[in-house]
Protein chains: 2
Amino acid sequence: MTQATIRDVARRAAVSVASVSRALNGAANVHPDTRARVIAAADALGYVPHAGARSLSLARSHAIGVVLPDLHGEFFSEIIRGLDREASARGYHLLLSNIQDGRDHVIQALRAVRGRVDGLVVMAPHVDPAALAAMLPGSLPKVMINTPASKGGSTLRVDNRGGAEAITRHLLDIGRRHIVHIAGPANNSDARERYEGFKAALPQRADVHVLEGDFTEPSGAAAIAELLARKVPFDAVFAANDMMALGALQALREAGRRIPEDVALAGFDDVPLARYLSLTTIRVHMADIGTRAAARLIASVEAKDEEPTDELIVPALIVRGTTVREP
Amino acid sequence: MTQATIRDVARRAAVSVASVSRALNGAANVHPDTRARVIAAADALGYVPHAGARSLSLARSHAIGVVLPDLHGEFFSEIIRGLDREASARGYHLLLSNIQDGRDHVIQALRAVRGRVDGLVVMAPHVDPAALAAMLPGSLPKVMINTPASKGGSTLRVDNRGGAEAITRHLLDIGRRHIVHIAGPANNSDARERYEGFKAALPQRADVHVLEGDFTEPSGAAAIAELLARKVPFDAVFAANDMMALGALQALREAGRRIPEDVALAGFDDVPLARYLSLTTIRVHMADIGTRAAARLIASVEAKDEEPTDELIVPALIVRGTTVREP
DNA sequence: CTGTTAGCGCATTCAC
DNA sequence: GTGAATGCGCTAACAG
């Protein structure tokens with residue numbers, strides 16, 4: 001048997017579809033008897049309102065579109081978890097639309113959700129912000145995560161620069177002077193900002209090496225291998241994310257370097273593994289970002305007058321055993 | 001300016017809405033000139049089709065609903081990642097609908113997605129399978145993950161029982177005879193099945209203790225604390241999941257027990273942490289399950305005649321340093 | 001090849 | 001308090 005529609009319910013209750021709609025949506029002007037009959041009929045038929053039709057009629061979907069890259073590791077999940085938590089608490093659903101690299105996919109993703117969602121949460125670190133702004137549907141409320149510029153939408157950003165500065169200062173504070181930075185991909189804005197923070201914290205005359213990784217564990221190990229091969233002297237490593245730091249950690253240990261005595265090591269993100277391996281890092285609480293993004297978006301969906309805001313989230317320095325010998 | 005509709009495009013291109021629809025959807029019967037004019041007009045207006053209206057008309061949403069509990073740890077994310085990967089590869093979106101414990105939420109979640117999705121992936125380990133089957137809309141194709149019974153839907157299950165048996169046999173093989181099981185919550189079917197596998201692998205006369213945890217790390221540590229307090233002798237621990245095993249690992253080390261010499265320890269799931277901490281465990285590749293679930297669901301959405309199938313996924317035993325001293 | 005018309009399922013005026 | 005009609009935006013017959 002096919003799903004019952006509002007018309008089936010109306011027929012069975014011997015009322016009009018209008019009354020069914022009113023009765024089921026809790027409108028005031030419905031006679032108690034009518035409401036009872038309607039509910040009984042709906043019940044008997046196992047009627048469930050067709051959300052698609054409903055949102056077409058109301059011009060409101062109670063869904064928010066989430067456009068994210070296919071992030072590896074915990075990020076993806078943490079953001080989604082945060083988004084979902086807030087969204088479902090406020091009666092919204094999440095429509096996921098993942099993207100690979102490349103503008104075309106972003107456009108596709110954005111187009112695909114039009115008419116299905118009331119707002120958009122977009123995170124596209126590898127896409128040029130201006131291009132992004134241009135292709136975003138102007139009418140839809142949106143929140144951008146970690147997007148430098150913003151036009152007509154709210155923005156939520158992690159203070160990558162500040163975090164990188166803090167961690168670099170920490171390395172200096174514990175007396176390290178030959179600091180190596182394993183950077184992320186050059187086309188990634190998080191990576192760039194962290195690199196900038198790193199440079200900003202260093203004194204002019206500092207002895208510095210920078211290698212580029214790709215945010216993966218092997219690339220962290222590879223960077224260390226290269227340093228060792230080139231016999232570069234160093235007493236500290238700041239990797240642009242935890243996964244690379246973990247790769248570096250492994251490689252350093254295998255090379256017989258003591259951590260933190262010979263080499264102090266720090267990452268960025270504070271993935272769950274970091275705690276277990278006692279990695280000094282910067283805690284970026286992505287779930288929290290998701291929650292805030294959803295909250296902000298829903299606010300601007302429900303009150304059209306909301307001002308776009310830009311929020312900068314300052315992550316915390318977490319000092320652990322890879323930079324300071326633990327008790 | 002508000003979003004352009006198909007009618008705006010039709011007006012600007014001086015054709016009917018039908019022609020616009022045909023032109024934009026690549027129908028054969030459209031004069032090249034007409035198509036060109038339509039595309040130009042759509043372009044100029046920044047027209048994006050309204051997916052909601054489209055799916056109402058087509059009775060096809062190209063979206064699949066995902067009903068999952070608010071899983072902690074990697075599970076949640078891995079399943080979603082797998083689902084999303086397959087879904088987006090085949091042109092489908094994911095509509096997330098998380099649930100807490102309790103049937104009411106499940107019902108809510110299920111109702112909320114009706115008319116928005118072409119099929120459902122449901123995972124609700126804490127809900128009685130029969131009750132679940134009863135409340136699921138009969139018409140919608142669905143795939144159930146880790147649900148013992150199945151009625152009118154495909155099923156994808158991890159062989160919890162087999163995995164638990166394998167790991168228990170492994171503990172016996174390495175000579176352990178006093179094996180403790182830290183079980184999961186009694187109302188969780190995964191937990192029950194793992195417990196059953198554990199019992200099945202043991203000889204009749206085995207010396208066995210079973211404690212109940214709640215799948216969290218602290219509960220694993222608490223179980224060990226209790227064992228030690230009660231001075232129960234044991235030389236092996238099989239925890240029903242990795243997180244509890246990790247809690248146990250911590251607690252055992254703090255108590256001065258050597259792993260694996262004094263106590264062999266095994267978990268279940270193979271979360272990323274397990275590899276790092278060299279935990280013997282059972283590998284459950286959740287992303288893979290997600291991928292298969294999506295593939296199966298989409299197949300049955302696109303070909304109504306698909307037979308419901310039940311697939312049992314056999315997880316692999318991964319032996320690591322917590323049961324066998326590594327080279 | 002193209003335009004007209006009739007729904008998809010629901011909420012909502014506007015009369016009664 | 002209730003029903004009949006209109007439209008949300010789009011696609012799919014059905015005629016021309």
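Note on naming: letters A, B, ... go to the chains in the order of the sequence lines (proteins, then strands), and numbering restarts at 1 for each one.
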Please list residues of residues 56-67 of chain A whose heavy atoms come under 4.0 Å from any atom in DNA chain D, ordered by number; otherwise none.
A/Leu56, A/Ser57

Give A/Ser55 one of three labels, base, sugar-phosphate or nothing, depending on what nucleic acid heavy atoms sit under 4.0 Å from its own.
nothing

Angle separating the five-pair end axes of the helix from C/dC1-D/dG16 to C/dC16-D/dG1, nearest 10°, is 40°

Any donor-acceptor pair under 3.5 Å from A/Ser57 side chain to A/Ala53 backbone
no

Can you list everything that forms a side chain to side chain contact (heavy atoms under 4.5 Å, CB included) with B/Arg54? Sequence neighbours excluded, please.
B/Asn25, B/Leu58

May I have the distance from A/Arg37 (atom CZ) to D/dT2 (atom C1'), rounded to whole angstrom?
11 Å

Strictly below 4.0 Å, heavy-atom distances to any atom of DNA chain D: list the hits from residues 14-26 of chain B, or just say none.
B/Ala18, B/Ser21, B/Arg22, B/Asn25

Reckon B/Arg35 has a side-chain N or O less than 4.0 Å from the OP1 or OP2 of C/dC1?
no

Find the distance B/Asn29:CG to D/dA15:P and express it as a whole number of Å.
17 Å

Can you list the residues that meet the side chain to side chain contact (heavy atoms under 4.5 Å, CB included) rule with A/Val30, with sequence neighbours excluded?
A/Arg22, A/Ala23, A/Ala27, A/Thr34, A/Arg35

Sub-4.5 Å side-chain heavy-atom contact between B/Val67 and B/Leu110
yes

List for me each residue that meets side chain to side chain donor-acceptor pair (under 3.5 Å) alongside B/Arg12, sequence neighbours excluded, and say none if there are none.
none

